[in-house]
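One structure is given below, encoded as structure tokens.
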Amino acid sequence: MRLHYGGSGDRPITRYVHLWQRTGEQVQPLLTLNLSPKTTQTVKLDFLYPPDSTPPQILKITTLTN
């Protein structure tokens, strides 16, 4: 996967992540953003996988509150 998002000082960050997991395994978040109220952050996620692989089945996006 390729994650592309704004970093500090409006400098974009691109991360490449190789994902694999066993059935039922819990994984850590790919990205956690701390946003002030009424602000936005653009995050672009690209699935990059070879044609002979099984594509991802679930992408979960959640909001955490303090």
Side-chain angles (χ1 to χ4, degrees):
M1 297 177 77
R2 179 174 51 202
L3 290 165
H4 187 76
Y5 55 98
S8 59
D10 294 326
R11 189 171 184 186
I13 296 171
T14 301
R15 286 181 43 215
Y16 292 88
V17 181
H18 177 80
L19 295 177
W20 67 274
Q21 113 186 56
R22 293 182 176 95
T23 302
E25 180 181 6
Q26 297 293 316
V27 295
Q28 296 297 316
L30 295 174
L31 176 65
T32 300
L33 297 172
N34 295 313
L35 302 175
S36 300
K38 303 199 182 223
T39 60
T40 61
Q41 173 72 58
T42 300
V43 176
K44 184 177 178 183
L45 176 67
D46 296 306
F47 292 106
L48 308 169
Y49 53 91
D52 62 343
S53 69
T54 303
Q57 302 298 313
I58 296 174
L59 174 64
K60 182 177 177 181
I61 299 173
T62 61
T63 301
L64 305 174
T65 58
N66 294 334

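Starting from 1, each residue takes its place in the sequence as its number.
G6 and Q41 get closest at one heavy-atom pair: N-NE2, 3.0 Å. Looking at every heavy atom in both residues, Y5 comes nearest to R15 through OH-CD, 3.5 Å.
Grouping the Ile, Leu, Val, Met, Phe, Trp and Tyr side chains by contacts below 4.5 angstrom, directly or via other members, places L30 with F47.
To the nearest 0.5 Å, atom CG of residue L45 and atom CD1 of residue I61 are 7.5 Å apart.
Take T40 and apply the side chain to side chain contact (heavy atoms under 4.5 Å, CB included) test, not counting sequence neighbours, and it matches no residue. In this structure R2 satisfies the salt bridge (charged side-chain N to carboxylate O under 4.0 Å, His left out) test together with D46, sequence neighbours excluded.
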